[in-house]
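Below you'll find the structure, written out as structure tokens, and then a few comments.
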Amino acid sequence: MAYSEKVIDHYENPRNVGAFDKNDHSIATGMVGAPACGDVMKLQLKISDAGIIEDAKFKTYGCGSAIASSSLVTEWVKGKSVEEASQLKNTQIAEELALPPVKIHCSILAEDAIKAALEDYKKKHAS
Amino acid sequence: MNHFELFAIEPEYAVDLADLQVRYRKLQQAMHPDRFANASERDKLLAVQRTSQLNDAYHTLRDPLGRAEYILGLRGVDMQHEQKTLQDPEFLMAQMEWRERVEELNAGDFTAIDQAYSDLERETKVLQEQLEQQIAEADNDEAANSIRKLKFMHKLGRELEALEDA
Ligand code: FES
């Protein structure tokens, strides 16, 4: 499989790898998995009281495209509001990284990880 | 004719694999293209098509996951593998831990690898039993989820195998 340069760059130098304490109330955690390949992704957002994403971290066990997708979205969402981040689409990721069709599910994983984290945020702040 | 009808067996998850193989061999012989050497072009083509359908059916039914998915397909459930992500936090957390564990295994440490294998087998078996029950009770959505989870277990199995070959 020929990976695009951007994928290789994010894969070789992934940004924001790591984890936050998931019990901290400013931290939202999203976990997703792709049954198609059995890969898993954990994505965490640090969200201010004003609803701005201040930081993001991820841990992905998956292919190069999945690692690149999660690395890319953690960069993208920083500084965005919760509302803005929820607009993110996997097609934007796939386009930016020039992913071939068989690798689309890897970018869907990243989109759904953000969504799952935002769900977690809502749940934590509902009460 | 669906795959189960082809072999004249019940569309159930529990399949007697030895019996399936016997039926497969018999059908295979009956359909063998050599038997149609003197037949018309049309019949020859049909024989070839049937043989490939038969092979397809056999390979699908022989594999527990393929069989489970096929049964759900007959019930109108589309698994949507490429599109749908699994979002069961508890299961995924356990998967993360599994992947970390596999990552930390050393290729030469056979005791630890064996231990991981048997743990994986045990967890896989629990899921398979759940799947069997869900299929029997026509709890199709839950069965689809179990199939998805089992795919992650298979991935772990492949990761362990890769470690052994390393
Ligand atoms: S192949 Fe699994 S996430 Fe890309």
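Numbered from 1 within each chain, the chains take letters A, B, ... in sequence-line order.
For A:Asn90, no part sits under 4.5 Å from any heavy atom of chain B, backbone or side chain. With a 4.5 Å cut-off on non-hydrogen atoms, B:Glu100 touches chain A through its backbone and its side chain both. Contacts of B:Met153 with chain A are absent, with no heavy-atom separation under 4.5 Å from either backbone or side chain. Only the side chain of A:Lys22 has a heavy atom closer than 4.5 Å to any heavy atom of chain B.
Among B:Met96, B:Gln95, B:Gln87, the residue making the largest number of heavy-atom pairs under 4.5 Å with chain A is B:Met96.
Taking non-hydrogen atoms and a 4.5 Å limit, the residue list of residues 73-88 of chain A in contact with chain B is empty. For residues 42-72 of chain A, heavy-atom neighbours of chain B at less than 4.5 Å comprise A:Lys42, A:Lys59, A:Tyr61, A:Gly62, sorted by residue number.
Taking 4.0 Å as the cut-off between side-chain N and carboxylate O, B:Glu161 and B:Arg158 do not count as a salt-bridged pair. The pair A:Lys89-A:Glu95 does not count as a salt bridge, with every side-chain nitrogen at least 4.0 angstrom from each carboxylate oxygen. A salt bridge links B:Asp19 and B:Arg23; the closest N-O separation between the charged side-chain nitrogens and carboxylate oxygens is under 4.0 Å. A salt bridge between A:Lys123 and A:Asp120 is absent, with no side-chain N of the basic residue lying under 4.0 Å from a carboxylate O of the acidic one. Using a 4.0 Å cut-off between charged side-chain N and carboxylate O, B:Lys151 and A:Asp39 make no salt bridge. Comment: A:Glu119 does not engage A:Lys115 in a salt bridge, judged by the lack of any side-chain N to carboxylate O separation of less than 4.0 angstrom.
In terms of modelled atom types and a separation under 3.5 Å, the side chain of B:Lys26 and the main chain of B:Gln21 share no donor-acceptor contact. Checked by atom type and distance alone, the side chain of B:Tyr70 never pairs as donor or acceptor with a backbone atom of B:Leu61 at under 3.5 Å. In this structure, A:Asp24 contributes its side chain and A:Ser26 its backbone to a donor-acceptor pair below 3.5 Å. With B:Asn2 contributing its side chain and B:Glu5 its backbone, the two residues share a donor-acceptor pair below 3.5 Å. A distance-only check finds a donor-acceptor pair linking the side chain of B:Arg67 to the backbone of B:Tyr13 [under 3.5 Å].
Close placement of the A:Tyr121 and A:His125 rings is indicated, their centers lying within 6.0 Å of each other.
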